[in-house]
Amino acid sequence: MPAVIGAILILASSVLVGAGIIAHGTGAASGPALAGYFLGGLLAVVGIALIMAGPLKRGWDAIPVDQMSL
């Protein structure tokens, strides 16, 4: 389920970045364009973190730490 939420967040971030590009291209005030870029980037980072959390946790748990042989 977290991977689905992460994918939805990444989709929403691409829409926000696209809106920022359109606002920047139409010559609108730079405020809405920067807000779209910033919020889109923030949502993308959160979405990627949600998608990668499961595989990273499984990989971290697969590291054997019980036997310390040097």
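Cluster annotation: Ile51 is connected to Leu56 through the hydrophobic network of ILVMFWY side chains, with a link wherever side-chain heavy atoms come within less than 4.5 Å. When the side chains of ILVMFWY residues are joined at heavy-atom separations under 4.5 Å, either directly or via intervening members, Ile22 and Phe38 end up in two distinct hydrophobic clusters.
Considering OG1 of Thr26 and CD1 of Ile21, their distance stands at 12.0 Å, rounded to 0.5 Å. Within the model, atoms CG of Leu34 and CG of Leu39 stand 10.5 Å from one another, a figure rounded to the nearest 0.5 Å. Of the inter-residue distances, the one linking Leu50 atom CG with Leu43 atom CG reads 10.5 Å to the nearest 0.5 angstrom.
Smallest separation of non-hydrogen atoms from Ala33 and Gly20: CB-O, 3.5 Å. Minimum interatomic distance between Gly40 and Ser13 (heavy atoms only, all atoms of both residues): O-CB, 2.9 Å.
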